[in-house]
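The sequence lines fix the lettering, A, B, ..., with proteins before strands; numbering per chain opens at 1. Reckoned from all heavy atoms, side chains included, excluding hydrogens, waters and symmetry mates.
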2 protein chains.
Amino acid sequence: MTNKNDYIDRRILKSKKALKDAIISLMQQKDFKEVTISDIVRLADLNRGTFYKHYQYKEDLLDDIIDEVITDLIASYREPYQNIATFDVSKLSSNAIKIFEHVHKYAEFYKLIVNSNVLTSFQHKICIVIKDLVMQDVTGKLTNPNINKELIASYHSYAIFGMMIELIHSGFKYSSSYMAEQLLAIIHSHNN
Amino acid sequence: MTNKNDYIDRRILKSKKALKDAIISLMQQKDFKEVTISDIVRLADLNRGTFYKHYQYKEDLLDDIIDEVITDLIASYREPYQNIATFDVSKLSSNAIKIFEHVHKYAEFYKLIVNSNVLTSFQHKICIVIKDLVMQDVTGKLTNPNINKELIASYHSYAIFGMMIELIHSGFKYSSSYMAEQLLAIIHSHNN
DNA sequence: AATTGATTGTCCATTAATGAACAACTAGAT
DNA sequence: ATCTAGTTGTTCATTAATGGACAATCAATT
């Protein structure tokens, strides 16, 4: 299905990464609309033509970042389930939970969206994505038929999002494994 | 004197930096002779041909790093004197002292040489370079003619080197400005 | 002794990034 | 109102890095 040559050249990945890092760094210093493309390529240490080869506006670059983060968020949430049949977070070991590693990985971006007022829309997007993921868990295993799936999905997804926010506000002083342990401890204290 | 086109293409600088970072990182994990070129380019995320375009052996890469560090060390030591006539460390303000920023800048490299037994020769090289720099200070200003210049140069250079070692052993928990303040405080407590 | 898997050094055609130039536009300072 | 310095979008020839191939070498396994 996918093309035989559907890998992406490393140079492209490196250039895009440099541009992404640069715009995130600049947005921590000043407002998005004040960040110029010349600023971005200057910090990214790239020729301006390289920017235009990949993007047209700053907005495209930002969209690309958001896409990447969401893709990685979904992958990180799903990764532990790859080789097992169950679909129950509480059954996972704490070191199998990868979502907080994802938050660490994109620490600069998350710091940005939590503080910034530009990307409040993305915060909702995050919540929706997590909720969808949790929904698939819930639909997979039918525990108590009296429980509203939407409600429990919302409950868990916002709980996870809340922990993410706490992690970010703390300045990332908690390790991913600690966060995962805490998540499990909290869940088990409810369910046992 | 220098060629009109004597700048270096950014791509070369980036590739070399990636190779340098990679070999330093690998040498923190295993012995130098066990680090393969494939290891280096794998971590540096570069094609193997790129390594061979710039270097022939691993040793060349290591030599290049050492050259760069020493060049930066000298520049960092001299920078404060650029626009002033005096040549007396004790006359500088603490925030003018740049040498500890240099150590921070090459933190990974310094951690490596302090621990590793491969690069003990480089430790001597560092001392000699610093001593030469201090010597120029001492020759510039003739304070007490009874004082042996070689001796005072050795004294100060090893003192600075000692502080660098202490900074590295501490895991870089002291800021550059703090280090500089301490250096000045120590000097002044002797001279006043 | 034969085999497997990895590294090494070298090659090449293709592609991405580069520096430099350009005219057009903008914002601030004089 | 003019001047200055900067950004923008685009173009182009040149250069660096790429992926992929190759035979040769080496170490550990069988």
Whether [X] contacts [N] is assessed here as follows: a side-chain N or O lying under 4.0 Å from the phosphate OP1 or OP2. Is that the case?
X: B:R42; N: C:dT7; value: yes
X: B:S38; N: C:dT8; value: yes
X: A:S15; N: C:dA16; value: no
X: A:H54; N: C:dA16; value: no

Next item on the list: Find which nucleotide of DNA chain C each of B:I37 and B:G49 is nearest to by heavy atoms, and output the residue with the more 5' nucleotide.
Entry: B:I37
Note to self: Counting the atoms with a prime plus P, OP1 and OP2 as sugar-phosphate, which does A:K14 contact under 4.0 Å by heavy atoms, base, sugar-phosphate, or nothing?
What the structure shows: sugar-phosphate
Check: Using a cut-off of 4.0 Å on non-hydrogen atoms, how would the nucleic acid contact of A:D9 be classed: base, sugar-phosphate, or nothing?
Finding: sugar-phosphate
Checklist line | Set of residues satisfying ring-ring contact (aromatic ring centres under 6.0 Å, His included) with respect to A:F161, sequence neighbours excluded | finding: none
Next item on the list: For the helix from C:dA1-D:dT30 to C:dT30-D:dA1, measure the angle between the helix axis at one end and the axis at the other, each built from five pairs, rounding to 10°.
Entry: 40°
Take the protein atom [atom1] of [X] and the nucleotide atom [atom2] of [N], then report the distance between them rounded to whole Å.
X: B:Y57; N: C:dG9; atom1: OH; atom2: P; result: 8 Å
X: B:I12; N: D:dT14; atom1: CD1; atom2: P; result: 17 Å
X: B:N47; N: D:dA17; atom1: CG; atom2: C1'; result: 7 Å
X: B:F51; N: D:dA16; atom1: CZ; atom2: C1'; result: 17 Å
X: A:E34; N: C:dA27; atom1: CD; atom2: C1'; result: 13 Å
X: B:I8; N: D:dT15; atom1: CD1; atom2: C1'; result: 15 Å
X: B:Y52; N: D:dA16; atom1: OH; atom2: C1'; result: 18 Å
X: B:R10; N: D:dA17; atom1: CZ; atom2: P; result: 13 Å

Item checked: B:E68 side chain to B:Y106 side chain, donor-acceptor N/O pair below 3.5 angstrom -> yes
At less than 3.5 Å, do the side-chain atoms of [X] and the base atoms of [N] form a donor-acceptor pair?
X: B:K53; N: D:dA16; answer: no
X: A:R48; N: D:dT7; answer: no
X: A:R11; N: C:dA17; answer: no

Checklist line | Qualifying residues under salt bridge (Lys or Arg N to Asp or Glu O under 4.0 Å), relative to A:K14, sequence neighbours excluded | finding: none
Margin query: Which residue in the set A:E101, A:E181, A:K105 passes side-chain contact (heavy atoms from CB on, under 4.5 Å) when paired with A:S176?
Written below: A:E101
Note to self: Centre-to-centre under 6.0 Å for B:Y110 and B:H102, is that the case here?
What the structure shows: yes
Check: Can you tell me if NZ on A:K30 sees more than 12 non-hydrogen neighbours from other groups inside 6.0 Å?
Finding: yes
Next item on the list: Check step by step if side chain to side chain contact (heavy atoms under 4.5 Å, CB included) holds for A:I168 and A:V103.
Entry: CA-CA 8 Å; A:I168 297 157; A:V103 183; 4.1 Å; yes
Notebook entry, point to check: Quick one: does NZ or CZ of B:K98 land under 6.0 Å from the six-membered ring centre of B:Y77, within 45 degrees of the ring axis?
Noted result: no
